[in-house]
Amino acid sequence: MSKKLLLKDAHIEGIRFFETYRKHGGYEAAEKAFKMTPEEITEEVKTSGLRGRGGAGFPTGLKWSFLAKPEGVPRYLVVNADESEPGTFKDRYLMEFLPHLLIEGMIISSFALGANTAYIYIRGEYAWIVDILEKAIDEAKAAGFLGKNILGTGYDLEIYMQRGAGAYICGEETALLESLEGKRGNPRLKPPFPAVKGLWECPTVVNNVETIAAVVPIINITGAEYAKIGVGRSTGTKLISACGNINKPGVYEIDMTITVEEFIYSDEYCGGIPNGKRLKACIPGGSSVPIVPANLLLRTINGEPRYMNYESLADGGFATGTMMGSGGFIVLDEDQSVVKHTLTLSHFYMHESCGQCTPCREGTGWMWRILKNINAGKGKMEDIDLLWDVQRKIEGNTICPLGDAAAWPVAAAIRHFRDEFEWYIDNPEALTRNYGLANYADPIPAVAQ
Amino acid sequence: MSENIAFTPETMTQVHKIIARYPEGKQKSALIPLLHVAQKEFGGWLAVPIMDYVAEILSIQPIEVYEVATFYTMFNMKPVGKYVLEVCQTGPCMLNGSDGIIKHIRETLNIEVGQTSADGLFTLKTVECLGACGYAPMMQVGDFYHEHLTNEKVTEIIALCREGQLALD
């Protein structure tokens with residue numbers, strides 16, 4: 001069943017502008033929030049069970065409650081709009097079509113956190129979205145929802161845009177803060193966490209765009225009502241950006257009770273695989289999460305249907321499961337080469353490693369070179385074990401999670417598709433052909449089209 | 001520093017507005033936004049004297065600018081063509097045929113990835129995921145994305161560039 005909280009008004013013409021947004025109930029949550037205490041707002045967010053939508057899934061209310069509040073020291077809210085995880089384009093959609101939803105969420109969140117200045121750190125390539133958001137900020141300010149003494153409450157808030165300049169690593173919250181301070185995006189050692197020492201060494205909360213936007217419906221319908229949507233610890237709705245070999249790529253808002261099968265094959269969502277092809281594999285949560293073959297994607301190892309939520313996607317651990325991640329849902333059909341796809345991802349991580357930690361800086365290059373050899377028909381059988389060994393030595397040995405993010409896709413590709421690697425090495429002349437589905441077949445029969 | 005490097009008065013107003021976003025003494029935070037402004041104003045790339053000029057405006061050491069400028073891929077450290085075609089080659093775009101798009105551009109412009117055409121009009125770059133995976137394959141030219149690319153569409157875009165009709169910002 002589809003339930004829309006964030007995108008319910010996305011189809012309305014002109015919703016990008018203040019007047020239309022306001023006419024459809026916009027900024028009512030902000031008005032409601034200003035009648036509550038900051039503690040009450042934080043309590044609502046805790047009750048809602050909202051989990052960080054950037055990828056890690058950490059409970060938002062809990063993150064907020066860690067914010068240090070020393071006297072006389074400013075606190076900051078920083079929105080992470082650096083969206084750079086391959087397969088992920090949901091925040092872009094939210095900001096492009098519903099900029100006021102983000103601004104309203106930031107007003108409520110900043111008030112709850114006691115921040116008088118908030119920044120939106122947006123990836124540099126989203127240049128046109130900067131203009132959209134700056135216009136939204138100006139409109140909100142003209143209407144009295146930003147600036148000095150908002151709605152006569154005595155509360156002041158300014159929101160500023162900050163453009164990055166092309167660095168995936170700046171999506172990691174401490175690298176983002178370094179970049180916002182005008183430095184290279186090298187992640188910091190934690191602790192101290194940003195909640196204690198963040199931007200300019202002041203207490204800072206860094207939250208993803210979708211997370212902050214979700215605060216609006218939480219205040220509107222209450223945290224308790226929000227928590228009733230979804231299942232277990234996967235409360236509320238989640239934006240999924242679907243891409244790859246599907247009929248209807250795009251951004252979908254789901255409540256987390258639907259099955260993966262429904263998400264891929266129903267016309268309400270991805271609409272199945274084009275050209276009557278069959279499903280080979282999927283990376284359901286952005287390129288960093290493990291790739292799984294069709295059979296393990298649609299059903300868990302126990303034969304239960306797999307659902308589109310945090311717990312079900314992770315069922316079976318890395319041996320047979322994967323992760324919800326950022327919701328970047330990448331589908332590969334039977335014609336795709338997992339080896340080649342993994343090669344592009346390894347190039348991505350090599351390019352994006354900040355170079356600070358040796359295992360990641362050197363390891364990502366090693367992995368790419370080995371994969372490149374295999375893809376060029378020059379692979380040796382022992383390369384597969386070498387690749388496995390290199391990824392093992394990166395995982396867990398770096399300051400930030402980019403190392404893990406680089407290791408996991410390679411590990412999962414070998415874990416589930418080792419036969420395909422071996423086939424390419426044994427048959428270099430076959431590189432232009434397709435290895436096909438082999439023994440991890442899609443349990444759903446092909447649909448004639 | 002070369003004397004003829006200076007922002008126009010209009011740009012300088014914009015620069016001061018950017019610096020005002022940060023608390024006093026934290027003006028270094030304006031570095032990346034200012035490098036964007038400088039790259040746009042001074043011909044699409046950041047020569048050393050330009051970086052020195054930005055350092056002077058922000059009262060920081062030139063090395064602090066160099067280390068940042070070389071870290072971020074959007075800053076060009078050498079001259080580029082008027083139109084930089086930045087084609088995404090990461091997983092989701094690859095699944096939807098980015099290899100073919102890159103090949104088509106190479107053949108049409110007779111340049112390799114990383115090169116600039118002899119007339120100085122085009123530079124071809126491959127880039128990592130730009131967050132347009134659902135609208136793949138794609139490329140960025142200037143401030144804008146061109147999505148759902150086909151060879152025909154790329155040919156049209158290149159023609160628009162040659163006529164000086166493609167919007168960059």
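Just so it is clear: chains get the letters A, B, ... in the order the sequence lines come, proteins before strands, and each one is counted from 1. Remember, predicted model here, so these are calculated numbers, not experimental data.
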Is it the case that more than 12 heavy atoms not belonging to Lys153(B) sit under 6.0 Å from its NZ atom?
yes

Identify which part of Glu67(B) has an atom lying under 4.5 Å from any heavy atom of chain A, answering side chain, backbone, both or neither.
both

With a 4.5 angstrom heavy-atom cut-off, could you sort out which part of Ala132(B) is near chain A: side chain, backbone, both or neither?
both

Under the 3.5 angstrom rule, does the side chain of Thr344(A) hit a backbone N or O of Thr90(B) as a donor-acceptor pair?
no

Name the member of Ser241(A), Gly355(A), Cys354(A), Cys243(A) that forms the most heavy-atom pairs with chain B at distances under 4.5 Å.
Cys243(A)

How far does CH2 of Trp200(A) sit from NZ of Lys28(B), to the nearest 0.5 angstrom?
13.0 Å

Is chain B contacted by the side chain of Ser84(A), its backbone, both, or neither, given a heavy-atom distance below 4.5 Å?
backbone

Can you confirm whether the side chains of Tyr22(B) and Gln162(A) place a donor and an acceptor under 3.5 Å from each other?
yes

When rounded to the nearest 0.5 angstrom, what is the spacing between NZ in Lys183(A) and CD in Glu64(B)?
9.5 Å

Segment of Thr342(A) engaging chain B (4.5 angstrom heavy-atom cut-off):
neither

Going from NE2 on His351(A) to SG on Cys129(B), what distance comes out if it is rounded to the nearest 0.5 angstrom?
12.5 Å

Are any of the side-chain heavy atoms of Ile330(A) and Cys133(B) separated by less than 4.5 Å?
no

To the nearest 0.5 angstrom, please state how far the CD atom of Gln336(A) sits from the CG atom of Leu95(B).
4.5 Å

Members of residues 71-82 of chain B whose heavy atoms come closer than 4.5 Å to chain A
Phe71(B), Tyr72(B), Thr73(B), Met74(B), Phe75(B)

Salt bridge present between Glu201(A) and Lys26(B) (N-O < 4.0 angstrom)
no

Taking NZ in Lys197(A) as the centre, count heavy atoms belonging to other residues, nucleotides or ligands within less than 6.0 Å. Is the count above 12?
no

What part of Phe329(A) gets closer than 4.5 Å to chain B, counting heavy atoms only: side chain, backbone, both or neither?
neither

So, His36(B) side chain and Gly164(A) main chain: donor-acceptor pair closer than 3.5 Å or not?
yes

Determine whether Arg92(A) and Glu147(B) satisfy the following criterion, salt bridge (Lys or Arg N to Asp or Glu O under 4.0 Å), listing intermediate values before the conclusion.
CA-CA 14 Å; Arg92(A) 164 188 169 181; Glu147(B) 301 171 328; 2.8 Å; yes

Salt bridge check, Glu134(A) against Arg21(B): does any charged N sit closer than 4.0 Å to a carboxylate O?
yes

Let me confirm one number: the CD-OH distance from Glu128(B) to Tyr349(A), rounded to the nearest 0.5 Å.
10.5 Å

Asp143(B) versus chain A, the contacting section by heavy-atom distance below 4.5 Å
both

Quick one: CG on Leu130(B) to OH on Tyr126(A), what's the gap to the nearest 0.5 Å?
8.5 Å

